[in-house]
Amino acid sequence: MRANYLYARRPRKFRITANSNHKYPIAPNILNQDFRVSKINQVWVSDMTYVQTNQGWMYLTVIIDLFNRKVFGWSMSDNLTTENTIVRAWNMAIRNNDITKELIFHSDRGSQYASYTFTKMIKNYDGMIKQSMSRKGNCWDNAVAESFFKSLKVEWIYKHKYRYRSQAELSIFSWIETWYNKNRRHSALGMKSINQFELEMYNNNLAA
């Protein structure tokens, strides 16, 4: 790399958007940094970050399945209300999946995740969904979601300057749905794309 004048793109520091200073109940850390899963819909992780535009901030919420690292649900909003962040992302994730067995849903302690609105949605699944939350101030407890945001920002967002919120939303939609979820290689998947990994799992299940 040095001989060819190539240098790694450095990540920028960014602020944490979670507001853990609230009076909602906090869920225990069930996940406990065990990111190894053997099947789909076993563990979902979620987090939020911000994206700068000339019109102001946009807030991105994602839900990722640890099995295949796929972003099943996501939302972008110009505010951090529960309804426009995790509720919208959750509804997308549920539309794409059938929850038939126990699922761990892990996030930070942000007020959106701890709110009565969202916890009531989880409880509607008759105990099949177990909510888990990171320890206070410990980003390693949600390392997969943090890694996703780092990749998104270093590989894509830092290369662009967004004038409008709508421009940022379309740009990030394109990166997630046409690149990250389909063609990007993932070290956690043996340097395979999500499409390749899912096809191998499908073929293996047929062979079994």
Between the side chain of Asn142 and the main-chain N/O of Ser107, is any donor-acceptor distance below 3.5 Å? no
Between Glu155 and Lys150, is there a salt bridge with N-O shorter than 4.0 Å? no
N/O donor-acceptor pair under 3.5 Å between Thr119 side chain and Ser115 backbone: yes
Asp141 versus Gln33, closest heavy-atom pair with distance: OD1-NE2, 2.8 Å
Validation row: Tyr125, Lys130 side chains within 4.5 angstrom (heavy atoms): no
Restricting to non-hydrogen atoms, name the atom on Glu198 and the atom on Lys70 that form the minimum distance, rounded to 0.1 Å. OE2-CD, 3.7 Å
Dump the intermediate steps for side-chain contact (heavy atoms from CB on, under 4.5 Å) on Lys192 and His186, then the final yes or no. CA-CA 6 Å; Lys192 301 180 182 70; His186 297 259; over 6 Å; no
d(Arg185 CZ, Ile194 CD1) to nearest 0.5 Å is 13.0 Å
Is it the case that the side chains of His106 and Ser134 hold a donor-acceptor pair, with the cut-off being a distance below 3.5 Å and no angle test? yes
Has the side chain of Asn183 got a donor or acceptor atom that lies under 3.5 Å from a matching backbone atom of Thr178? yes
What pairs with Arg36 under salt bridge (charged side-chain N to carboxylate O under 4.0 Å, His left out), at least two apart in sequence or on another chain? Asp34
When rounded to the nearest 0.5 angstrom, what distance separates CD1 in Ile64 from CG in Asp47? 8.5 Å
Flag for Asn195-Ser193: side-chain donor and acceptor within less than 3.5 Å: no
Are Phe118 and Phe105 an aromatic pair by the rule of ring centers under 6.0 Å? yes
Verify same cluster id: Tyr24, Ile129 (apolar side-chain graph, 4.5 Å): no
Hey, does the side chain of Glu146 reach the backbone of Cys139 with a donor-acceptor pair shorter than 3.5 angstrom? no
Can Asp65 and Val43 be said to form a side-chain contact (heavy atoms from CB on, under 4.5 Å), step by step? CA-CA 6 Å; Asp65 193 305; Val43 180; over 6 Å; no
Report yes or no: does Asn97 contribute a side-chain atom to a donor-acceptor pair with the main-chain N or O of Ala93 at less than 3.5 Å? yes
Looking at Asn181 and Val71, would you say the former's side chain and the latter's main chain have a donor-acceptor pair under 3.5 Å? yes
For the aromatic rings, using the six-membered ring if either is Trp, is the centroid distance between Phe197 and Tyr202 under 6.0 Å? no
Ser77 side chain to Thr85 main-chain N or O, any donor-acceptor pair under 3.5 Å? no
Does any pair with a residue in residues 163-173 pass side chain to side chain donor-acceptor pair (under 3.5 Å), and if so which ones, sequence neighbours excluded? Trp156-Ser171, Tyr162-Ser171
Going by atom types alone, do Thr49 and Tyr59 pair a side-chain donor with an acceptor below 3.5 Å? no
Let me see the working for Met76 and Ile172 under side-chain contact (heavy atoms from CB on, under 4.5 Å), right down to the final yes or no. CA-CA 9 Å; Met76 289 197 73; Ile172 291 169; 3.6 Å; yes
Linking I/L/V/M/F/W/Y whenever their side-chain heavy atoms sit closer than 4.5 Å, directly or via other members, would Tyr180 and Val144 fall into one cluster? yes
Backbone N/O of Thr81 and side chain of Asn79: donor-acceptor pair under 3.5 Å: yes
Is it possible for you to say whether Ile176 and Trp179 belong to one hydrophobic cluster, with membership spreading through side-chain heavy-atom contacts below 4.5 Å? yes
Give me the atom names and distance for the closest heavy-atom approach of Ile86 to Ser46. CD1-OG, 3.8 Å
For residues Lys153 and Tyr50, report the shortest heavy-atom separation together with the two atoms involved. NZ-O, 3.0 Å
Verdict with supporting geometry, Leu60 and Phe149, side-chain contact (heavy atoms from CB on, under 4.5 Å): CA-CA 9 Å; Leu60 171 66; Phe149 285 142; 3.8 Å; yes
Taking C-beta and beyond as the side chain, do Trp90 and Tyr113 meet within less than 4.5 Å on heavy atoms? no
